[in-house]
Number of protein chains: 2
Amino acid sequence: MDRSARAEAGEDDKADGRAAVLEAAARAFMQDGYAATSIDDVAGLLGATKGRVYYYYRSKADLFFDVHRESMRQNMEGAGRIALEDAPALDRLERMVRAHALLMMTHLPFQRVSVLGVEMHLAGSTTPRQRKTLNEIVELRDAYEQRFVDVISQGIAEGAIRPLDVKMVVRGLLGALNWITVWYRPREGETDADRARMADELTTYLINGLRRDEA
Amino acid sequence: MDRSARAEAGEDDKADGRAAVLEAAARAFMQDGYAATSIDDVAGLLGATKGRVYYYYRSKADLFFDVHRESMRQNMEGAGRIALEDAPALDRLERMVRAHALLMMTHLPFQRVSVLGVEMHLAGSTTPRQRKTLNEIVELRDAYEQRFVDVISQGIAEGAIRPLDVKMVVRGLLGALNWITVWYRPREGETDADRARMADELTTYLINGLRRDEA
DNA sequence: GTCTATACTAGGATAGAC
DNA sequence: GTCTATCCTAGTATAGAC
């Protein structure tokens with residue numbers, strides 16, 4: 001997708017190899033879960049063997065972490081940044097919600113793995129180095145959620161959104177959206193318009209519950 | 001909790017032993033995930049060894065399945081049944097939503113394991129017998145979701161709910177509610193009232209988005 | 001960079017004593 | 001019913017050839 005952007009970067013060769021491994025890992029984890037996925041499975045998706053995987057990543061846990069980090073990056077870049085634009089809060093929020101919904105579908109492997117949680121699979125069994133990475137990821141996620149909290153707070157201040165428990169509502173909102181990764185599977189011949197329709201339907205519902213009634 | 005109800009049943013001894021193992025398994029799976037949980041871990045929570053666990057369950061997968069089945073039973077019994085009562089659809093729906101939210105908190109170990117999914121962990125590696133059980137569980141879940149679909153459809157017919165894509169909205173609704181198992185952790189000294197407040201806040205938001213505007 | 005060994009361990013499952 | 005002892009496979013990670 002953003003291949004052309006990186007193509008001029010120079011260090012493409014190494015980065016591409018690594019990215020390919022990461023992509024394969026995301027797909028494997030999505031399908032079977034963390035522990036049920038073997039390094040052989042990941043290599044298999046690449047038409048390669050373990051050696052390749054271990055050349056780029058020193059452990060399975062590191063691979064897993066990187067899938068999470070990448071998905072957080074996608075979210076921040078795709079939806080989080082909208083929070084900082086200059087527009088009415090409710091408009092921004094609506095576009096953030098729609099963008100997040102679409103991200104869940106278009107980047108399903110990464111997003112599904114991320115949604116199912118880090119803590120779940122690596123409780124305890126981490127090295128200090130990995131612990132640090134884990135903390136970074138949690139911070140990224142918190143920062144992302146905070147964007148939603150901020151925009152909704154602004155919407156309340158602007159009078160477009162009724163007063164409510166912002167933190168609780170953000171949890172509900174993101175839960176509804178993240179849940180997409182649980183039920184969504186791309187269908188044969190599905191178009192962008194199909195996905196847009198699903199995202200719109202959800203967005204309408206979730207935004208509607210926030211509006212200050214003015215009908 | 002429902003100890004006294006079963007106390008007169010007679011076959012209590014065997015059932016209780018089994019239930020204790022199941023409870024321990026739910027807690028273990030919740031904490032570490034399916035694959036990262038060893039049978040020794042489950043036994044450890046009971047202050048016992050493998051032997052006890054294998055006496056009641058023939059495999060780890062069977063244990064996992066039973067956690068799912070139990071959580072589905074809790075949902076149907078606690079929230080699903082409300083769908084069949086005799087009252088305006090929107091009233092029933094509101095109570096179903098609140099009940100489901102509370103179930104997520106009060107039965108967290110079972111519910112969290114269930115939410116994180118069956119397919120995820122046991123893709124492929126199942127015996128025919130287990131495959132059958134798996135299908136039963138999926139059917140239970142579908143039947144439960146259908147209750148929500150039905151009630152919302154009735155609400156639309158009654159004119160209390162605006163016309164919308166019912167299936168999509170149910171996915172959003174249950175996603176927001178199931179997500180509770182991801183962020184919720186019981187806090188020291190937390191009361192029923194605290195949990196009720198959280199459930200109410202979410203319920204208000206999620207029901208609000210469905211209402212036909214009549215302000 | 002990528003492969004083919006191979007070492008090493010964790011953990012599911014079973015047999016049989018008590 | 002519950003335990004201990006044991007078998008056995010799967011799968012992470014590494015070493016070293018190519």
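Lettering follows sequence order; numbering is per chain, from 1. The analysis underlying the following values was restricted to heavy atoms, covering all of them including side chains, and did not include hydrogens, waters or symmetry mates.
Rounded to whole Å, atom P of D/dG1 lies 18 Å from atom CZ of B/R58. The nearest whole Å value for the distance from the NZ atom in B/K60 to the C1' atom in C/dG11 is 8 Å. One interatomic measurement links the two molecules: CD1 of B/I39 to P of D/dT6, which rounds to 21 Å at whole-angstrom precision. The CG atom of A/D32 sits 15 Å away from the P atom of D/dA10 (whole-angstrom rounding). Counting to the nearest Å, the C1' atom of D/dT2 and the CZ atom of B/R18 are 17 Å from each other. The CZ atom of A/R52 sits 18 Å away from the C1' atom of D/dA17 (whole-angstrom rounding).
Atom CG of B/N135 and atom CG of B/D142 lie 10.5 Å apart (nearest 0.5 Å).
Along DNA chain D, the nucleotide nearest to B/G47 and the one nearest to A/T37 differ in position, and the one closer to the 5' end is contacted by B/G47. Nearest-nucleotide positions on DNA chain D place B/V53 closer to the 5' end than the other of A/D40 and B/V53.
Residue A/L93 comes nearest to A/F148 through the heavy atom pair CD1-CD2, 4.0 Å, listed as atom of the first residue, atom of the second, then distance.
Checked by atom type, the side-chain pair B/Q111/B/N178 shows no donor-acceptor distance below 3.5 Å. Judged by distance alone, the side chains of A/D200 and A/T203 never bring a donor and an acceptor atom under 3.5 Å apart.
When ring centroids are compared, B/Y144 and B/H100 come within the 6.0 Å threshold.
The shortest distance between side-chain heavy atoms of A/E85 and A/R95 falls below 4.5 Å.
Over its length, the helix from C/dG1-D/dC18 to C/dC18-D/dG1 turns its helix axis by 10°, as judged from the five terminal pairs at each end, rounded to 10°.
In this model, the phosphate group of C/dA13 is not approached by any side-chain N or O of B/Y57 to a distance below 4.0 Å at OP1 or OP2. Using a 4.0 Å cut-off, no side-chain N or O of A/Y55 falls inside it from OP1 or OP2 of C/dT2.
Note on B/R197 versus B/D194: no salt bridge recorded, every NZ/NE/NH1/NH2 to OD/OE distance being 4.0 Å or above.
In this structure, the side chain of A/D150 does not engage the main chain of A/R147 through any donor-acceptor pair within 3.5 Å.
The aromatic rings of A/F64 and A/F29 stand perpendicular to each other, their planes meeting at an angle above 60°, with 30° marking the opposite boundary.
For B/Y54, counting side-chain heavy atoms from C-beta on, the closest listed nucleotide (C/dC3, C/dG12, D/dT12) is C/dG12.
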Going 5' to 3' along nucleotides 4-10 of chain C, which nucleotides have protein heavy atoms under 4.0 Å from the base (write B), which only from the sugar-phosphate (write S), and which from neither (write -)?
B------

